[in-house]
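Here's the structure we're looking at; comments come further down.
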Amino acid sequence: MNPILESFRQAWKLRSAWWFTATSRTKARFARTLLGSFWLGLSNTLSTAALAAVYSIVFRVKDFNHYIVFLGIGVVVWNSISAAIGSAPSLFEHNSNNVKNLNIHPVFYTLEEWGFQLQTTIQAFLFVFLFLSFFQHSLLINLLLYGLLPMLNLFLFIYWAPVIICILGAKYKDIYQLIPIVLQLVFLLSPILYPKSNLGPIAWIADFNPFYRVLSPVRQAMQDGSISYSSFFVVLLMNLIGLAVALRMLTKHKAQLPFLV
Amino acid sequence: MPTQEFGASQQTNRTPAEVLPAATSRELALSLRDVSLEFPVYSTETRSLKHVLMRSVTGGNLRRQRMGASVLALSEINLQIYHGERVALIGHNGAGKSSFLRLVSGIYEPTSGEFTAYSAVYPMIQKAFLTSPELSGKMAIKGHYLLHNGNLRGFQEFYEDVVNFSGLGDYVRLPVKTYSDGMAARLLFSLLTGLRHDCLALDEGIGAGDSSFYEKAEQRLEEFVRSAGTLLLASHSDQLLHRFCTRGLVFAQGRIVFDGPLADALNHYHESHP
């Protein structure tokens with residue numbers, strides 16, 4: 001069977017198990033904490049509030065309400081991408097006992113991680129969303145009318161990009177050290193805290209930044225209530241190619257994994 | 001409390017003919033033709049981006065180091081195992097038994113040759129739970145059940161069986177990380193032996209918890225093994241092998257050096273390794 005189709009078949013067959021273990025991880029993360037997953041939303045909200053307070057002065061923002069929504073959505077989406085990419089290099093290392101002793105297709109571990117990141121994103125997003133709705137009341141309607149397709153692209157991106165990194169991370173030990181540095185640089189170079197226009201003559205860099213190409217449409221849809229279908233299809237195409245590459249790499253390195261971890 | 005492993009020291013009075021069904025059909029379960037398995041041994045050389053980049057600019061000078069070392073774990077294995085057979089894997093540590101178990105259960109893939117599994121082989125070499133130690137024993141049971149069944153139909157019955165047999169009682173609701181080694185081993189053993197499998201790849205190293213649990217566990221293992229269609233059992237214990245197996249494969253340096261009736265296989269092994 002085609003390796004990509006085989007990965008899909010395994011993903012479907014094991015869907016209850018990987019979703020369950022992902023949910024278990026989410027529960028374990030906040031086990032015996034006072035506020036549970038509320039902490040996640042709270043930390044994102046506090047970051048948004050603090051960053052908005054500081055950078056609205058730094059960038060001499062005229063419309064604070066607009067800026068805090070712009071920044072809040074950007075921070076939550078960036079945190080999701082960053083968490084998914086940041087945890088990827090050690091994914092198979094963390095599952096080494098099961099990789100060596102269970103005959104589960106490795107797509108299981110990648111989907112469990114994806115499920116966990118998805119749940120984390122949604123939890124963080126809901127809380128921040130409520131907070132930002134005080135500043136812009138149309139957020140919910142914009143999300144429902146325009147936000148779902150860009151969100152689909154975001155969720156696809158946080159699957160395939162970490163899969164490629166976790167395979168490279170299993171293979172090359174440097175990746176684990178390299179990823180935090182790259183994430184930091186990308187964060188600083190991406191118009192997340194500031195509008196793209198602030199980049200002036202080098203604004204074109206953002207167009208070639210895959211992180212920003214995924215993040216920006218989500219923000220645009222929710223804040224401006226609009227969607228660029230051409231941009232959506234370009235990102236969707238990038239995601240489909242990325243997904244195919246990631247699954248092909250996973251299949252190619254499947255036999256090596258027990259020896260790499 | 002120390003845990004015990006099967007085959008370590010226990011006696012048996014029953015023969016496989018008494019406790020196990022005979023291989024009733026000649027339907028193939030596993031087929032291996034010229035199968036070899038090579039382990040890559042990854043070093044700093046092979047896992048460093050710096051060296052990869054260096055190789056790309058220096059061309060052939062460093063290329064010979066590219067693959068690093070490798071170990072030939074299994075070599076030219078030719079074998080057919082039929083449904084219902086009870087096969088003992090015999091050999092010293094490092095002879096290839098565990099690699100063979102992992103290969104036939106799909107954890108390892110052959111480097112060369114042709115391997116076909118006509119039925120799913122379940123590797124009973126799991127040493128940890130699928131879920132986080134932060135979570136309760138109940139969640140660990142649920143995760144294991146979902147992995148093998150894909151849904152929760154019949155879960156309650158399985159859950160009660162595992163809880164009753166492991167003797168964990170209300171402790172099953174506590175995080176696994178709070179269990180003693182013995183309790184964790186009892187839960188893992190109860191989980192692994194709670195479902196039926198068509199073809200079983202079993203290592204004697206499976207833990208059974210503390211000594212008071214051991215006797216009860218032996219009986220359960222016997223029933224579990226009896227329920228499996230085909231058995232592959234790696235062990236250093238003649239008693240255990242006599243109890244469950246009828247055919248023996250002797251491994252030495254990754255090769256099968258003898259394949260035949262169990263008694264003859266054990267004789268061959270003991271004569272060549274006095």
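Per chain, numbering begins at 1; letters A, B, ... match sequence-line order.
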(request) Please name the pair of heavy atoms, one in B:Pro175 and one in B:Glu134, separated by the smallest distance, quoted to 0.1 Å. (result)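 Heavy atoms of B:Pro175 and B:Glu134 come nearest at CB-O, 3.3 Å.
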(request) For each of B:Thr131, B:Thr111, B:Leu130, tally heavy-atom pairs with chain A at distances under 4.5 Å, and name the one with the top tally. (result) B:Leu130
(request) Could you check which of B:Leu146, B:Leu101, B:Val121 has the highest count of heavy-atom pairs closer than 4.5 Å to chain A? (result)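 Of the options given, most contacts go to B:Leu146.
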(request) Just give me the residue among A:Lys13, A:Lys100, A:Arg25, A:Arg15 that pairs up with chain B most often, heavy atom to heavy atom, under 4.5 Å. (result) A:Lys100
(message) So which residue, A:Thr21, A:Leu14, A:Leu102, A:Ile104, ends up with the most heavy-atom pairs under 4.5 Å with chain B?
(response)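 With the most close heavy-atom pairs to chain B, the winner is A:Leu102.
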(request) Please look at B:Tyr145 and chain A and tell me whether the side chain, the backbone, both or neither of the residue comes under 4.5 angstrom of a heavy atom of that chain. (result) neither
(request) Please look at B:Ser105 and chain A and tell me whether the side chain, the backbone, both or neither of the residue comes under 4.5 angstrom of a heavy atom of that chain. (result) both
(message) Return the CG to CG distance between A:Leu237 and A:Asn153, rounded to the nearest 0.5 Å.
(response)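 So the gap between those two atoms works out to 10.0 Å.
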(message) Checking A:Asn101 against B:Arg102: is there a side-chain donor and acceptor pair closer than 3.5 Å?
(response) yes
(request) Please determine, by modelled atom types, if A:Gln119 and A:Thr26 share a side-chain donor-acceptor pair under 3.5 angstrom. (result) yes
(request) Describe, in one word, how the ring planes of A:Phe211 and A:Trp78 are oriented to each other, choosing from parallel (under 30°), tilted (30 to 60°) and perpendicular (over 60°). (result)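 Plane angle between 30° and 60°, so tilted.
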